[in-house]
Number of protein chains: 2
Amino acid sequence: MSKNLPLLTAAPAVRADAARNREALLRAAAELIERCGVDDLTTDAVAARAGVGKGTVFRRFGSREGLMASLLNHREEEWQASVISGPAPLGPGAPPMERLLAFGASRLRHHREQATLIEAAGSTWGENYAVLGFVSLHVRMLLAQLGVQGDLAYLATALVAPLGVPVLRQQIDHGGMSEEQVLAGWADLVRRVV
Amino acid sequence: MSKNLPLLTAAPAVRADAARNREALLRAAAELIERCGVDDLTTDAVAARAGVGKGTVFRRFGSREGLMASLLNHREEEWQASVISGPAPLGPGAPPMERLLAFGASRLRHHREQATLIEAAGSTWGENYAVLGFVSLHVRMLLAQLGVQGDLAYLATALVAPLGVPVLRQQIDHGGMSEEQVLAGWADLVRRVV
DNA sequence: AGGCGAAACGGACTGTGGTCCGCTTTCATT
DNA sequence: AATGAAAGCGGACCACAGTCCGTTTCGCCT
């Protein structure tokens with residue numbers, strides 16, 4: 001006669017102190033980054049500020065990069081929400097082509113804003129299958145709505161690739177392009193593909 | 001009355017011992033990687049095997065990643081040579097479209113072969129402007145020969161982006177695509193753009 | 001309430017990337 | 001060949017990511 005049937009609750013019984021520490025660590029990390037920048041963030045400092053031991057950082061996030069990725073995940077979820085249920089043309093309601101172009105613009109801006117954090121998250125972020133999967137699935141859906149023929153799974157990832165942080169770094173910070181130029185180029189690319 | 005006018009010799013007077021140590025370190029690194037893999041390579045071990053102090057590693061290469069990048073550079077130069085003066089269709093002599101498709105296939109294979117080293121080189125590699133510049137310039141030239149209109153500088157980088165190591169990792173190692181499938185998808189992408 | 005097993009905690013410890021500075025080597029000049 | 005100064009060298013040293021294990025906390029069950 002258990003009060004809560006474990007299988008009915010989605011959460012897999014996370015202990016209360018674990019959840020509390022997790023939040024404390026994320027908050028501490030965000031505050032320290034705001035103050036000192038991403039590069040000077042040490043795991044010792046995060047643990048101290050959160051009032052927990054260093055081991056807890058690694059128990060919860062696996063690595064320094066994992067901590068960065070978790071911070072990113074929060075902002076990424078907000079972004080995904082604006083794609084799923086936000087206002088058109090990024091959200092639903094606009095014609096597919098408009099949505100696709102709005103997607104590119106928004107993704108580019110998002111990546112530029114989070115660039116340093118994404119780079120600090122390193123491969124941990126690249127392996128975040130949930131994020132990559134959502135993005136390419138969304139593009140794939142729009143391509144299908146546009147009636148594009150061919151290997152849509154490939155085309156979706158190929159269209160998303162030029163919006164990645166390293167490419168943008170090269171084009172904008174190294175190659176002297178402006179964000180507008182990059183966006184115009186991407187829009188042109190999309191129109192050729194469709 | 002100097003024997004050698006410094007301005008006439010291209011080399012900026014690299015001291016003999018410096019050059020010798022540089023080669024010794026590169027050889028030691030390559031041997032240790034072959035034996036133990038990239039991940040288990042420590043700078044201490046490289047220095048010891050090369051018979052030099054650890055400081056020398058960092059004087060010559062700046063960082064562990066810089067050492068990896070230098071190893072890559074060697075193989076990259078060989079690859080570039082095969083593009084500039086190797087046999088067609090990768091090298092000159094074939095029609096532009098054939099060359100472009102051969103470029104994609106060769107670049108994909110090259111990236112797959114060097115993937116672990118490229119990942120170990122991290123941002124140092126991504127900032128290697130010479131490599132990025134050569135690749136996108138080559139594609140840009142082929143696009144021009146094909147009579148493509150538009151922002152060729154952008155299109156070149158956008159076509160190269162889906163051949164990057166992280167994208168290939170996602171598609172092939174995570175997403176279940178085969179190399180053939182990726183290559184076919186890329187060729188399709190190119191044909192749509194042209 | 002109280003007891004029990006599992007999960008989480010914390011902080012000392014380790015391994016490695018990267019720095020620093022006094023000493024050595026090179027080489028152009030005489 | 002001698003010389004002097006600049007370039008290079010080496011290895012002790014430091015900071016920080018990540019591990020390990022004895023101790024503490026949680027929450028379920030009687």
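Naming: A, B, ... by sequence-line order, numbering from 1 per chain.
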Output a table of nitrogen or oxygen pairs between the protein and nucleotides 18-21 of chain D separated by less than 3.5 Å.
unit_1 : atom_1 : unit_2  : atom_2 : d
D/dG18 : OP2    : A/Arg64 : N      : 2.9
D/dG18 : N7     : A/Lys54 : NZ     : 3.3
D/dG18 : O6     : A/Lys54 : NZ     : 3.0

- Could you check whether B/Val52 gets within reach of a base, just the sugar-phosphate, or nothing at all, counting any heavy atom under 4.0 Å? sugar-phosphate

- Those residues that, when tested against A/His110, pass ring-ring contact (aromatic ring centres under 6.0 Å, His included) (two or more places apart): A/Trp79

- Query: In whole Å, what is the span from the CE atom of B/Met68 to the C1' atom of C/dG18?
  - Reply: 15 Å

Ignoring hydrogens and angles, write down the donor-acceptor pairs under 3.5 Å from the side chains of residues 83-102 of chain B, residues two or more places apart or on other chains.
unit_1  : atom_1 : unit_2  : atom_2 : d
B/Ser85 : OG     : B/Ala81 : O      : 3.2
B/Arg99 : NE     : B/Leu90 : O      : 3.2
B/Arg99 : NE     : B/Gly91 : O      : 3.0
B/Arg99 : NH2    : B/Val83 : O      : 3.0
B/Arg99 : NH2    : B/Leu90 : O      : 3.3

- Task: Using a 4.5 Å cut-off on heavy atoms from C-beta on, say whether the side chain of B/Arg59 contacts that of B/Asn21.
- Result: no

- Query: Rounding to a whole Å, what distance do you find between A/Arg60:CZ and C/dG10:P?
  - Reply: 11 Å

- Message: Counting only heavy atoms and a strict 4.0 angstrom limit, can you tell me which residues of residues 18-42 of chain B come near DNA chain C?
- Response: B/Arg20, B/Leu41, B/Thr42

- Note on the structure: When B/Gly53 and A/Ala16 are each assigned the nearest nucleotide of DNA chain D, the 5'-most assignment goes to B/Gly53

- Message: I need the single residue from B/Leu143, B/Thr157, B/Leu142, B/Leu146 that forms a side chain to side chain contact (heavy atoms under 4.5 Å, CB included) with B/Leu152. Which is it?
- Response: B/Leu143

- Are there more than 12 heavy atoms of other residues, nucleotides or ligands under 6.0 Å from atom CZ of B/Arg75? no

- Query: For B/Asp151, which residues count as a salt bridge (Lys or Arg N to Asp or Glu O under 4.0 Å) partner, sequence neighbours excluded?
  - Reply: none

Per-pair distances, 0.1 Å, donor-acceptor, side chain in residues 132-141 of chain B, under 3.5 Å, sequence neighbours excluded:
unit_1   : atom_1 : unit_2   : atom_2 : d
B/Ser136 : OG     : B/Leu132 : O      : 3.0
B/Ser136 : OG     : B/Gly133 : O      : 3.4

- Does a side-chain heavy-atom distance below 4.5 Å link B/Leu41 with B/Met68? yes

- Record whether the side chain of A/Arg15 comes under 3.5 Å of the base of C/dA7 through a donor-acceptor pair of N or O atoms. yes

